[in-house]
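So the structure is just underneath, and the comments pick up after that.
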There are 2 protein chains.
Amino acid sequence: MGRPSIKAERTAEILNAYEQCVARFGIEGATLERVASQAGLARALIRHNVGNRDALFDALVERFFDVSEQRVVDLIAALPERDRAPVLIDILFDVRHGNDTHVLVAEALIAAAADRPALAKRMKNWIDDFVSAIAAVLRHSYPDAAQGRVTAVATGVTGIYFNVDSLAMLGGMTDLRRNSKEAALLLVCTLED
Amino acid sequence: MGRPSIKAERTAEILNAYEQCVARFGIEGATLERVASQAGLARALIRHNVGNRDALFDALVERFFDVSEQRVVDLIAALPERDRAPVLIDILFDVRHGNDTHVLVAEALIAAAADRPALAKRMKNWIDDFVSAIAAVLRHSYPDAAQGRVTAVATGVTGIYFNVDSLAMLGGMTDLRRNSKEAALLLVCTLED
DNA sequence: TCTTTTATTATCAAAATTGATAATTTACAG
DNA sequence: CTGTAAATTATCAATTTTGATAATAAAAGA
């Protein structure tokens, strides 16, 4: 009985708006006013649905890791049985990821980790896990390649990918994206020898 | 006559502190209070030496481009006559650049460029110029390589380098730095064919 | 010492941000 | 229609941040 709750949807909307603000203004610059404005909601609704500033931050962090884990799972699942490496690069440097704030949020969290040791450890693991996932895909395509080289290539591909997403906010970065993708492919091809 | 002015030194100190805060908190999160605290000066001295918030931002932007240009000049000047490419990678991924905030400031400026079209254009040019400088070095070492491939490799090296500096704030990223450097070298070696 | 110029400090008001609570409206069940 | 639980709105005080000006202290030269 009573009015149906929409807390789940509202929370998602608020966290989406918060992510946009974090990507644009950073953690400390993402004020509740800006988040409310971005979400098109009254500021009091942020408190009603999520809580205060710290609660909002904590919710963002938890959702970030959940979403990140799911994205990696989906990414791997989208790969074919054969020729996984080039398809991986296709997906990573697809223009559809153009407006994606995930990497920007990650960088904001890394900055905020400066005085949050526990978060710093989680972000380090997050990077390691991502590189490891890329490395696993590469190992599948190049089972004879040396481990050290696979790790290096996976790190390089990850770096190029993160960088593209970092700079994507500028807009009109099609050349950079194309050249980055070509570089990633060249790097992967060094595992063929 | 009169008390000697130290505005130049104070301005440099303030901009240094501002850069640290921008790298950690972003443009909007770098409050005058934080900058003053970081600089160990009274907030009023920021106003006295540089001006208000907008003036501080403008001063940072101008110094950023000046320093950036000089750094590229110094980087090129530090290269030997032969084997420039590997030395370039050595310098780019040297651990001494560990506490360098230059790339972090660049990313903060890119974020702030979202509602500053003129700055967005300058940042795009900044990226292009950096990639072009790397490409020029690579062309010197590999004069027979195809232009498109040189551009791609230069873009990739730049991306890997930017990424390392982005994540360096986490600390203890020696593995990432080493693997990134190895990846950059592998990528450069694809120009040998 | 006196004057001049600048650095530094001391305050103040305005604006922005946050945390919190009360009042009101809305949607559904019975 | 009525009760109820939740959404939404309306306010308020406390804190932070900013912009600005006045007052004071310090360092040089004459």
Side-chain angles (χ1 to χ4, degrees), chain A residues 1-62 105 108-109 111-112 114-116, chain B residues 1-62 105 108-109 111-112 114-116:
Chain A
M1 58 184 77
R3 185 171 177 175
S5 175
I6 55 176
K7 182 165 283 192
E9 300 89 317
R10 278 275 180 271
T11 298
E13 289 174 20
I14 290 169
L15 288 182
N16 288 342
Y18 186 41
E19 271 191 9
Q20 292 292 125
C21 291
V22 165
R24 164 67 183 84
F25 303 109
I27 293 292
E28 277 74 13
T31 66
L32 297 182
E33 301 283 356
R34 285 202 241 258
V35 175
S37 170
Q38 173 75 29
L41 298 173
R43 181 172 64 89
L45 290 182
I46 296 178
R47 176 177 190 76
H48 179 67
N49 288 282
V50 184
N52 64 10
R53 206 169 157 66
D54 287 339
L56 195 59
F57 176 78
D58 293 342
L60 178 72
V61 169
E62 295 315 314
V105 170
L109 291 180
D115 44 8
R116 293 180 176 92
Chain B
M1 57 183 75
R3 184 171 178 173
S5 175
I6 56 176
K7 181 165 284 193
E9 300 89 316
R10 279 274 181 272
T11 297
E13 290 174 20
I14 290 168
L15 288 182
N16 287 342
Y18 186 40
E19 271 191 8
Q20 292 291 125
C21 291
V22 165
R24 164 66 184 84
F25 304 109
I27 294 293
E28 277 74 12
T31 67
L32 297 181
E33 301 284 354
R34 285 202 240 257
V35 175
S37 171
Q38 173 75 29
L41 299 173
R43 183 171 63 90
L45 289 181
I46 296 177
R47 176 178 191 78
H48 178 68
N49 289 282
V50 184
N52 63 11
R53 208 169 155 65
D54 287 339
L56 194 61
F57 177 78
D58 292 342
L60 178 72
V61 169
E62 294 314 315
V105 171
L109 292 180
D115 43 10
R116 293 180 176 92

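Throughout, a chain's letter reflects where its sequence line sits, starting with A, and its residues are numbered from 1.
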### Message
Would you compute the distance between atom CG of A/Leu60 and atom CD1 of A/Ile14 and round it to the nearest 0.5 angstrom?
### Response
12.5 Å

Nucleotide nearest [X] when distance is taken to its side chain, options [options]:
X       : options               : result
A/Ala44 : C/dA7, D/dA7, D/dA10  : D/dA10
B/Glu33 : D/dA7, D/dT18, C/dA27 : D/dT18
B/Leu32 : C/dT6, D/dA27, D/dT18 : D/dT18
A/His48 : D/dT8, D/dT18, D/dT9  : D/dT8

Classify the nucleic acid contact of [X] as base, sugar-phosphate or nothing, counting any heavy atom under 4.0 Å across all strands shown.
X       : answer
A/Arg47 : base
A/Arg43 : base
B/Arg53 : sugar-phosphate
B/Ile6  : sugar-phosphate

Distance in angstrom units between [X] [atom1] and [N] [atom2], rounded:
X       : N      : atom1 : atom2 : value
A/Ile14 : D/dT8  : CD1   : C1'   : 12 Å
A/Leu45 : C/dT26 : CG    : C1'   : 13 Å
A/Ile46 : D/dT9  : CD1   : C1'   : 15 Å
A/Lys7  : D/dA6  : NZ    : C1'   : 9 Å
B/Phe25 : D/dT17 : CZ    : P     : 10 Å
B/Glu28 : C/dA16 : CD    : P     : 15 Å
A/Asn52 : C/dA20 : CG    : C1'   : 11 Å
A/Phe57 : C/dT17 : CZ    : C1'   : 19 Å

### Query
Hey, is the side chain of A/Arg10 poking within less than 4.0 Å of OP1 or OP2 on D/dA6, counting only N and O atoms?
no

### Message
Please tell me if B/Ser5 has a side-chain N or O lying less than 4.0 Å from either OP1 or OP2 of C/dT5.
### Response
no

Do [X] and [Y] touch side chain to side chain, with heavy atoms closer than 4.5 Å?
X       : Y       : value
B/Val22 : B/Phe57 : no
A/Leu32 : A/Tyr18 : no
B/Glu13 : B/Asn49 : no
B/Arg24 : B/Gln38 : no

### Query
If you find the nucleotide of DNA chain D closest to B/Arg3 and the one closest to B/Arg34, which residue's nucleotide is nearer the 5' end?
B/Arg34

#### Entry: Residue whose closest nucleotide on DNA chain C lies nearer the 5' end, B/Asn49 versus B/Gly2
B/Gly2

